[in-house]
*Asks:* 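One structure is given below, represented as structure tokens, and several questions about it will come after.
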Amino acid sequence: MPRVSLVLGAGGARGYAHIGVIHQLQSRGYEVVSISGSSMGALVGGLYAAGGLDAYTEWVKTLNWIDVVRLLDLHFSHGTIRGDKVFAKIESMIGNPNIEDLPIHYTAVATDLTRHKEVWFQEGSLLEAIRASSAVPGVFSPIRRGERILVDGAVLNPLPMIPTVAVESDMILAVDLNCADDDVDPEVLPRIQHMLAQRSFNASQRIGVIVSSMEVLHGALSRYKVAGYQPDLLLHIPKSIAGFHEFHRANELIDAGSRIAAIQLDQYEARGKIKPTLMDDQYS
């Protein structure tokens with residue numbers, strides 16, 4: 001059974017594609033032995049490591065736009081979202097395990113605004129780690145721990161490659177959620193063309209200057225991180241597939257992640273890099 005280290009990038013609602021990638025790996029008999037994630041990547045990876053991804057997937061597939069709005073805890077005095085309802089739901093699914101007790105090596109990456117550096121969560125409360133890693137500045141309330149102010153890991157590292165290096169595996173697979181369409185494999189685009197059209201329709205909705213600026217920064221930082229340490233396989237999820245805020249599109253985005261992973265894994269396996277152990281075609 002091939003052993004894989006997963007690097008799950010930041011990208012808001014596009015992070016649902018991570019679920020499809022994981023499903024595709026499971027259907028092929030890959031064993032995930034390590035997960036490193038920023039923001040939505042930390043959330044999806046943490047749920048998988050804690051055994052709660054299936055329950056979370058079934059839940060988010062039921063959410064429409066009104067449901068998503070109702071889940072937001074707007075802090076009117078600060079103009080930010082607390083996210084208490086979301087994390088209460090997640091806690092009901094997985095409890096609040098310590099990272100060191102998880103069966104999979106796990107790292108959530110956050111940013112310490114006080115010291116201007118990355119913070120790696122590899123022990124302690126899983127929920128606290130996820131919450132810190134996904135606290136998008138100007139959108140979600142930061143996490144304060146003593147003198148430290150912790151926010152989204154994507155501020156400094158939207159695609160955290162290095163935490164996976166020390167873990168023995170057959171391959172490192174990274175999922176970049178901030179790619180331009182030109183970076184996407186030509187075989188992939190026709191399979192998700194309907195989603196790109198849907199995205200251009202939704203583009204008239206106001207995302208916000210802060211989030212749009214962050215997405216540009218994330219794309220540049222992701223390219224920098226990949227240049228510094230090449231994964232064995234890099235899955236490109238086009239930024240145009242969904243807006244950061246479109247959390248009501250779970251079904252489409254999970255399916256897109258599975259489709260993209262299937263195409264690129266087929267290519268990787270055809271080159272003789274990995275011999276898959278096919279289990280079923282549930283997620284094909």
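For the numbers below, each heavy atom of this structure counts, side chains included, while hydrogens, waters and symmetry mates do not. If you read the sequence from its start, that first residue is 1, and numbering goes on from there.
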*Asks:* Under the side chain to side chain contact (heavy atoms under 4.5 Å, CB included) criterion, do L253 and M195 qualify, and how do the steps go?
*Replies:* CA-CA 9 Å; L253 292 166; M195 293 194 65; 3.5 Å; yes

*Asks:* Between R249 and D255, is there a side-chain N and carboxylate O pair less than 4.0 Å apart?
*Replies:*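 So R249 does not pair with D255 through a salt bridge.
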
*Asks:* Show, in sequence, the C-alpha distance, side-chain angles and deciding distance for F140 and V151, and conclude whether the side chain to side chain contact (heavy atoms under 4.5 Å, CB included) test is met.
*Replies:* CA-CA 9 Å; F140 292 94; V151 297; over 6 Å; no

*Asks:* Could you tell me whether E246 and R14 have a side-chain N and a carboxylate O separated by less than 4.0 Å?
*Replies:* no

*Asks:* Walk me through it: do V119 and T111 pass the test side chain to side chain contact (heavy atoms under 4.5 Å, CB included)?
*Replies:* CA-CA 6 Å; V119 176; T111 300; over 6 Å; no

*Asks:* Can you name the one residue among V33, I172, T107, I35 that meets side-chain contact (heavy atoms from CB on, under 4.5 Å) with V167?
*Replies:* V33

*Asks:* Does the side chain of V21 come within less than 4.5 Å of I260's, by heavy atoms?
*Replies:* no

*Asks:* Check whether N251 reaches the backbone of K61 with its side chain - one donor and one acceptor, N or O, closer than 3.5 Å.
*Replies:* yes

*Asks:* What heavy-atom pair brings P238 and D181 nearest, and what distance separates the two atoms?
*Replies:*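 Distance-wise, the nearest heavy atoms are CB-OD1, 3.4 Å.
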
*Asks:* On a heavy-atom basis, which atom in A174 and which in M161 lie closest, and how many Å separate them?
*Replies:*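 Shortest heavy-atom separation between A174 and M161 comes out as CB-SD, 3.9 Å.
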
*Asks:* Would you check if L234 and Q264 make a side-chain contact, meaning some heavy-atom pair closer than 4.5 Å?
*Replies:*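 The answer is no; the side chains never approach within 4.5 Å.
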
*Asks:* Kindly give the heavy-atom pair with the smallest separation between G45 and Y106, and that separation in Å.
*Replies:* C-CE1, 3.7 Å

*Asks:* Check for a donor-acceptor pair, side chain of S125 on one end and backbone N or O of N98 on the other, with a separation under 3.5 Å.
*Replies:* no

*Asks:* Taking E91's backbone N and O only, do any of them form a donor-acceptor pair with N96's side chain (distance below 3.5 Å, no angle check)?
*Replies:* no

*Asks:* Main chain of M171, side chain of S169: is a donor-acceptor contact present, judged purely on distance under 3.5 Å?
*Replies:* yes

*Asks:* Of all the heavy-atom pairs spanning P190 and P186, show the shortest one and how long it is.
*Replies:*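 Scanning both residues, the minimum pair turns out to be CD-O, 3.0 Å.
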
*Asks:* Taking R3's backbone N and O only, do any of them form a donor-acceptor pair with D170's side chain (distance below 3.5 Å, no angle check)?
*Replies:*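 Yes.
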
*Asks:* Side chain of S133, backbone of A129: donor and acceptor closer than 3.5 Å?
*Replies:* no

*Asks:* Parallel, tilted or perpendicular: which fits the ring planes of F247 and Y16, with parallel below 30° and perpendicular above 60°?
*Replies:* perpendicular

*Asks:* Got V7 and L173 here, is their nearest side-chain heavy-atom distance under 4.5 Å?
*Replies:* no

*Asks:* Given the rule in the side chain to side chain contact (heavy atoms under 4.5 Å, CB included) test, do L150 and L113 qualify, once you have shown the distances and angles that lead to the verdict?
*Replies:* CA-CA 6 Å; L150 302 176; L113 290 183; over 6 Å; no

*Asks:* So how far is it from I104 CD1 to I99 CD1, rounded to the nearest 0.5 Å?
*Replies:* 13.0 Å

*Asks:* Could you pull out the closest heavy-atom pair between A256 and I241, with the gap in Å?
*Replies:* CB-CD1, 3.6 Å

*Asks:* Could you tell me whether the side chain of K89 reaches within less than 4.5 Å of the side chain of V60, counting heavy atoms only?
*Replies:*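 No, their side chains stay 4.5 Å or more apart.
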
*Asks:* Within this structure, what is the OG1-CZ distance for the pair T114 and R145, rounded to the nearest 0.5 Å?
*Replies:* 13.0 Å

*Asks:* Mark yes or no for whether K239, through its side chain, and L177, through its backbone, hold a donor-acceptor pair below 3.5 Å.
*Replies:*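 The answer is no, because no donor-acceptor pair under 3.5 Å joins these two groups.
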
*Asks:* Could you tell me the separation between the CG atom of D54 and the OH atom of Y48, rounded to the nearest 0.5 Å?
*Replies:*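 Answer rounded to 0.5 Å: 9.0 Å.
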
*Asks:* Is it the case that over 12 heavy atoms from other parts of the model lie below 6.0 angstrom from the CD atom of E123?
*Replies:* no

*Asks:* Do I19 and Y56 come within less than 4.5 Å of each other through their side chains, counting heavy atoms only?
*Replies:*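 Sidechains of Y56 and I19: in contact.
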
*Asks:* I'd like to check M93 versus W59 (side-chain heavy atoms, cut-off strictly below 4.5 Å). Are they in contact?
*Replies:* yes

*Asks:* Nearest 0.5 Å, what's the CE-CG distance between M40 and L8?
*Replies:*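 CG of L8 is found 10.5 Å from CE of M40.
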
*Asks:* Heavy atoms, side chains only, cut-off 4.5 Å: are D266 and E187 in contact?
*Replies:* no

*Asks:* Identify whether the distance between the nearest side-chain nitrogen and carboxylate oxygen of D84 and R131 falls below 4.0 Å.
*Replies:* yes

*Asks:* Between Q24 (side chain only) and R259 (backbone N and O only), is there a donor and an acceptor less than 3.5 Å apart?
*Replies:* no

*Asks:* Under 3.5 Å, is there a donor-acceptor pair between the side chain of S38 and the main chain of N157?
*Replies:*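 Pair found, side chain donor or acceptor close to backbone of N157.
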
*Asks:* What's the separation between atom OG in S5 and atom CG in D232, rounded to the nearest 0.5 Å?
*Replies:* 9.0 Å

*Asks:* To the nearest 0.5 Å, what is the distance between CD1 (I90) and NZ (K85)?
*Replies:*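 Rounded to the nearest 0.5 Å, the CD1-NZ separation comes out at 14.5 Å.
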
*Asks:* For the side chain of D67 and the backbone of N64, is there at least one donor-acceptor N/O pair under 3.5 Å apart?
*Replies:*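 Present.
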
*Asks:* Looking at every non-hydrogen atom in both residues, tell me the closest pair between D183 and C179 and how far apart they are.
*Replies:* CB-CB, 4.3 Å

*Asks:* Using a 4.5 Å cut-off on heavy atoms from C-beta on, say whether the side chain of E31 contacts that of P2.
*Replies:* no

